[in-house]
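What follows is a short report on a single structure.
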Amino acid sequence: MDYQPSQIEPKWQDEWEKQPTPDSTATERPKYYDLVMFPYPSGNLHMGHVRNYAIGDVIARYKRMQGFSVLHPIGWDAFGMPAENAAIKNNTHPKPWTEKCIERMKIQLKRLGISYDWDREVNTSSEEYYKWTQWIFLLMLKRGLAYRKKAQVNWCPKCQTVLANEQVVKDNQCWRCESIVEEKELEQWFLKITDYADRLLTDIEKLSGWPEPVKIMQRNWIGKSVGLEVDFTIYSPNSQLRTPNLKIFTTRPDTLFGVTYMVLAPEHPMAIELSKGTPQEKEVLAYIEKTKKESTHDRAISNSKEGVFTGGYAINPANGDKVPIWIADYVLMGYGTGAVMAVPKHDERDLAFAQQNDLPVSDNPLDNNIADKLVNSGIAKRKTNFKLRDWLVSRQRYWGAPIPIIYCEKCGAVPVPENDLPVKLPMDVKFTGEGASPLTQSKEFMHAVCPLCGGVGRRETDTLDTFNCSSWYYLRYSDPHNNEKPFDQALAKKWMPVDQYIGGIEHAILHLLYSRFFTKVLFDAGWSPTDEPFKNLLTQGMVVKDGAKMSKSKGNVVDPDYIIEKFGADTARLFILFASPPEKELEWNDQGVEGSYRFLNRVWRLASQVPSSNFPDPSNEKYSDQIKLKRKLHQTIKAVTEDIEKFSFNTAIARLMELTNTFYDYLNNNSNIGNLSLEIGHLLQLLSPFAPHISEELWHQLGNKDSILSQPWPKYDPKLIVEDEMTIAIQVNGKLRDTLLFSSDAKEEEIKEKAQKTDKTLIFTAGKEIVKVIYIPKKLVNIVIK
RNA sequence: GCCCAGGUGGCGGAAUUGGUAGACGCAAGGGACUUAAAAUUCCUCGGUCGCAAGGCCAUGCCGGUUCGAUUCCGGCCCUGGGCACCA
């Protein structure tokens, strides 16, 4: 019978569904929480998903065979813009659209043979789920971590909503639609992630199982600077200043003696005051007007060192020097105090500014004691600043969890009582794409009673950023159907933290930082058993074709369904795991897919054609071949196990190919081959995490009754992997000149001696003095000559 | 500009703590089988010189350490990613 994936794959998928693995319900085994980033239900699985889930499934299946009780769940990050846009486009509602997409993708996932625990499936857009997303928001509010403020915010004109700082990606673009982000002043809800800045930073140290680049990115994003806030006394012609002092922040108080001028951000409240009544007043006002028209982003990238003198001066508390105060747009109002002391000698930007505006550069030496002096005399205080900003979570969109707040004329912003959760999304809404958020159309939704005074209230019409939903889903998986609380603490304690998290690098900051924040808040509130959610993190690389990320617009998309139909899920999975190490970019190659298919065919023929005659007599001349085959098998068990442990799936598969080749060599060279079903069974076990269907099928063809999934992971016999011969490289002055074969127990003296006497080495050593002979056990001899 | 990651055959990629560079696969070329093709199978496959044995060169470039460097150190070049005047 030929290898026909289209026959055997559905068969085993049905079979596995009928007999679910003991998995997450098996309490007597050690736990292992294997998590892949849940997908947005766009309706179509793409190769990036396949890669993500194939990796997750290898780990799940491997860990199960190793005896772990594995939690391997899946769900849907189902709120968000695309569903709403589709609703507008098709004149429908996001809910049915999303449900349809989920159904489609579920079928695709099952076709891939990924072993999920479907009983734990979650959907963030379901009322049962978003009830708790809202509950967590109220918890934040209770703990003083949610607040409303008017601020300059990022506005995406296409998505018609505000964005968090983390969602504005390179070149000032919206993370989702790539539109250029605008600035708007709006009153919005924020989560006080800055309260956790220090812990989010220091706890990065605990994340020994995270890739270094992700940790560095998070560190930089949090951006901690330790320094001093120093008061400079102001000397100005304007006698009616509201404060006599100018506060600046510096990380380099030791350079205080080198200060030659000061700079304020144009938005600094002192800027206009200082120039009042001076000849510079007009110029200052003009400059402020000019910078108002520029966006923060343009200011940041312009690198311009333009500025104007305010007419005011400051007295340097370190040495009494009187230095001019300027304004310039390279100083940002949003960081520190919006004012800086300028030390051209020690700061590139200050130097560039000084040169452009003819300001002096001072040679005064550094002073390491000045900080202490100023702090002790009350002129300065120690200060730590962060780049991290609070998380703006309001979204002016329909398809998200409504922010559970009611506005009352008398009582202000009042939280919806817990018993009234969830605040449900209304269904009497039309999706036209016109006007404000669709939620404002629903009378039923808008109308609310103030929970405090019973008066007429108005509901908050913004919804929560969908990153709120995905910031705690891994906790929900531990207890996905609980209607009394977000999850049971004991169950969370059983499963958390996630032992292995797998997903794309694009979430290095966004989702991974928000999730860490949520976990810490829930930990502080006594809910989460851990203060870090993900013990180990694997960031998988992108799937590209012809050097570009697969996308419809580029026309280089390969449809997983097509590959599954043509070659089977096993081939798709195997190729994706074999073509590249998981953290690297993967170049799609149609011919490479065929290569993986060929390999599975070779395994198929090997296992389905193996005769089961008796073992040959030990005296048989080919007995040594059998020893070699066994040795190769055990070496492969060892190597594949070690490779999977370090996620080197590509080399693990290479080892399986080598083993298969060794089987064929053996078959070709021996007429009396003996019974190999045990050995081939081991090969199938090793292959099963990567290509589960074919392994299961052939396993049964070999006469096994139980599922291959229930088999323990093969163990190697240390005695069997030992080679009886070794090839020793012979070098002269580090250059390879010859190789010699020795029995494994050959003594160093014998090896060194023989190495010096081979025909080839003699050619190179003739007439030269041998200085020394170096022997590296089991590897090489290097003869050093002069 | 700063911070990461990475540069190995025609391609994807392998190489324990420094120890035979190129595992495994793809592509390519040649042979077998076949009426033919597909499938399968066998051989060759970094460059260069050589009839051959073999030599020389080769892991982005230039140096260094070492008996020995893809691996360690210093300096450059290039590619990808992140941050973007954070005082």
Side-chain angles (χ1 to χ4, degrees), chain A residues 2 169-172 211-221 223-225 227 248-252 255 263 265 297 299-305 328-332 334-343 346-350 352-353 385-388 505-506 508-509 541-542 547 575 578-581 583-596 598-599 601-602 605 642 648 650-658 660-661 664 668 727-739 759-760 763 771-786:
Chain A
D2 287 342
V169 296
K170 61 164 185 225
D171 301 327
N172 215 27
E212 213 50 47
V214 174
K215 294 197 275 186
I216 290 168
M217 277 163 71
Q218 291 214 353
R219 276 192 202 104
N220 292 342
W221 188 260
K224 182 180 182 174
S225 303
I248 59 96
F249 173 72
T250 178
T251 54
R252 292 290 309 275
T255 66
V263 194
H297 179 253
R299 268 169 68 174
I301 57 169
S302 80
N303 237 341
S304 151
K305 288 292 172 288
D329 67 359
Y330 81 91
V331 174
L332 308 172
Y335 185 79
T337 64
V340 300
M341 62 181 214
V343 188
H346 294 287
D347 186 289
E348 265 183 65
R349 295 156 303 172
D350 294 346
F353 189 82
N385 274 323
F386 293 92
K387 289 192 214 175
L388 184 70
I505 183 80
E506 65 273 18
I509 293 170
M542 278 196 312
F575 168 71
F578 177 61
S580 176
E583 62 283 358
K584 274 191 81 168
E585 199 168 79
L586 183 145
E587 173 76 32
W588 187 266
N589 177 343
D590 289 331
Q591 285 155 335
V593 178
E594 285 181 48
S596 294
R598 269 202 291 271
F599 165 65
N601 266 294
R602 271 166 77 75
R605 290 196 307 273
E642 287 168 0
S648 185
N650 54 332
T651 52
I653 293 166
R655 306 276 167 249
L656 294 174
M657 289 172 169
E658 280 181 53
T660 305
N661 293 344
Y664 273 95
N668 292 340
T727 308
I728 299 294
I730 314 295
Q731 298 180 335
V732 178
N733 280 357
K735 285 202 167 187
L736 181 72
R737 295 304 179 191
D738 205 353
T739 56
D759 293 347
K760 288 172 192 164
I763 295 170
V771 183
K772 58 177 162 176
V773 179
I774 294 160
Y775 174 61
I776 306 297
K778 296 182 193 287
K779 290 226 164 75
L780 59 75
V781 173
N782 188 11
I783 303 161
V784 185
I785 57 167
K786 235 187 349 199

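What you see is a predicted model; the values in this text were computed from it and never measured. Naming convention: chains lettered A, B, ... in sequence-line order (proteins, then strands); numbering from 1 in each chain.
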Worksheet entry | base_contact_polar (B:rC83 base, A:Lys170 side chain, donor-acceptor, <3.5 Å) | no

Worksheet item: Quick one: CD1 on A:Ile505 to CE on A:Met217, what's the gap to the nearest 0.5 Å?
Response: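 Separation between the atoms: 5.5 Å.
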
Item to complete: Calculate, to the nearest 0.5 Å, the distance between atoms CG and CG belonging to A:Asn601 and A:Asp2 respectively.
Response: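 Taking CG in A:Asn601 and CG in A:Asp2, the distance rounds to 7.5 Å.
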
Worksheet item: Between the side chain of A:Asp347 and the main-chain N/O of A:Ala342, is any donor-acceptor distance below 3.5 Å?
Response: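 No, the answer is negative, given that no donor and acceptor are paired below the 3.5 Å cut-off.
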
Worksheet entry | Side-chain donor/acceptor of A:Asn385 to backbone N/O of A:Ser225, under 3.5 Å |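 The answer is no, because no donor-acceptor pair under 3.5 Å joins these two groups.
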
Worksheet item: Rounded to the Å, how far apart are A:Asn661 CG and B:rC24 C1'?
Response: 9 Å

Roughly how many Å apart are [M] and [N], using the [atom1] atom of each and rounding to a whole number?
N: B:rC43; M: B:rU35; atom1: C1'; answer: 26 Å
N: B:rC77; M: B:rC61; atom1: P; answer: 15 Å
N: B:rA5; M: B:rC85; atom1: P; answer: 23 Å
N: B:rA28; M: B:rG82; atom1: P; answer: 36 Å
N: B:rU59; M: B:rA21; atom1: C1'; answer: 7 Å
N: B:rA87; M: B:rG7; atom1: P; answer: 33 Å
N: B:rG22; M: B:rA58; atom1: C1'; answer: 11 Å
N: B:rU71; M: B:rG9; atom1: P; answer: 15 Å

Worksheet item: Is there a side chain to side chain contact (heavy atoms under 4.5 Å, CB included) between A:Leu736 and A:Ile730 once you walk through the steps?
Response: CA-CA 6 Å; A:Leu736 181 72; A:Ile730 314 295; 5.9 Å; no

For [X], check side chain to side chain donor-acceptor pair (under 3.5 Å) against everything at least two apart and list the hits.
X: A:Thr739; result: none
X: A:Thr651; result: A:Asp643, A:Ser648
X: A:Asn172; result: none
X: A:Arg605; result: none

Please tabulate, one pair per line, all N/O donor-acceptor pairs under 3.5 Å involving side-chain atoms of residues 588-595 of chain A, not counting sequence neighbours.
residue  : atom : partner  : partner atom : Å
A:Trp588 : NE1  : A:Asp590 : OD1          : 2.9
A:Asn589 : OD1  : A:Gln591 : N            : 2.8
A:Asn589 : OD1  : A:Gly592 : N            : 3.1

Across all strands shown, which nucleotide pairs with [N] by Watson-Crick or G-U wobble geometry, both distances under 3.5 Å?
N: B:rG1; value: B:rC83
N: B:rG12; value: B:rC24
N: B:rC76; value: B:rG60

Fill in: Results of side chain to side chain contact (heavy atoms under 4.5 Å, CB included) for A:Glu658 - residues two or more places apart only
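With sequence neighbours excluded, A:Glu658 shows a side chain to side chain contact (heavy atoms under 4.5 Å, CB included) to A:Lys632, A:Arg655, given in chain and number order.
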
If you restrict it to nitrogen or oxygen atoms, what contacts under 3.5 Å exist between nucleotides 54-57 of chain B and the protein, and what is each distance?
residue : atom : partner  : partner atom : Å
B:rG54  : OP1  : A:Lys760 : NZ           : 3.4
B:rC56  : OP1  : A:Arg737 : NH2          : 3.3
B:rC56  : OP2  : A:Arg737 : NH1          : 3.1
B:rC57  : OP2  : A:Lys735 : NZ           : 2.8

Practice prompt. Would you kindly check if the NZ (Lys) or CZ (Arg) of A:Lys387 is within the cone defined by 45 degrees around the ring axis of A:Tyr335 and under 6.0 Å from the six-membered ring centre?
Written response: no

Practice prompt. Remember a base hit wins even if backbone is also touched, and classify A:Gly336 as base, sugar-phosphate or nothing at under 4.0 Å, heavy atoms.
Written response: nothing

Worksheet item: So which one's nearest nucleotide on RNA chain B is more toward 5', A:Ser596 or A:Ile216?
Response: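 Upstream on the strand: A:Ile216.
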
Worksheet item: Which residue lies toward the 5' end of RNA chain B, A:Asn601 or A:Lys772, if each is placed at its nearest nucleotide?
Response: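 Counting from the 5' end, the first nearest nucleotide belongs to A:Asn601.
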
Interface polar pairs with nucleotides 27-33 of chain B, N/O, under 3.5 angstrom:
residue : atom : partner  : partner atom : Å
B:rA27  : OP2  : A:Arg598 : NH2          : 3.2

Fill in: Per-nucleotide protein contact string for nucleotides 11-18 of chain B, where B marks a base within reach and S marks sugar-phosphate only (heavy atoms under 4.0 Å, - for neither)
-BSS-B--

Has [X] got a side-chain N or O lying under 4.0 Å from the OP1 or OP2 atom of [N]?
X: A:Ser225; N: B:rA87; result: yes
X: A:Arg219; N: B:rC4; result: no
X: A:Tyr330; N: B:rA87; result: no

Worksheet item: In terms of base orientation, is B:rG9 syn or anti, with the syn window spanning 90° either side of 0?
Response: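 Classified syn.
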
Practice prompt. Assess whether side chain to side chain contact (heavy atoms under 4.5 Å, CB included) is satisfied between A:Thr255 and A:Met341, documenting all intermediate values.
Written response: CA-CA 10 Å; A:Thr255 66; A:Met341 62 181 214; 3.6 Å; yes

Check: protein-nucleotides 43-51 of chain B nitrogen or oxygen pairs below 3.5 Å:
none

Discussion item. I'd like to check the ring-ring contact (aromatic ring centres under 6.0 Å, His included) partners of A:Phe578; sequence neighbours left out, ordered by chain and number.
Written reply: none

Worksheet item: Under the salt bridge (Lys or Arg N to Asp or Glu O under 4.0 Å) test, which residues partner A:Arg252, sequence neighbours left out?
Response: A:Asp254

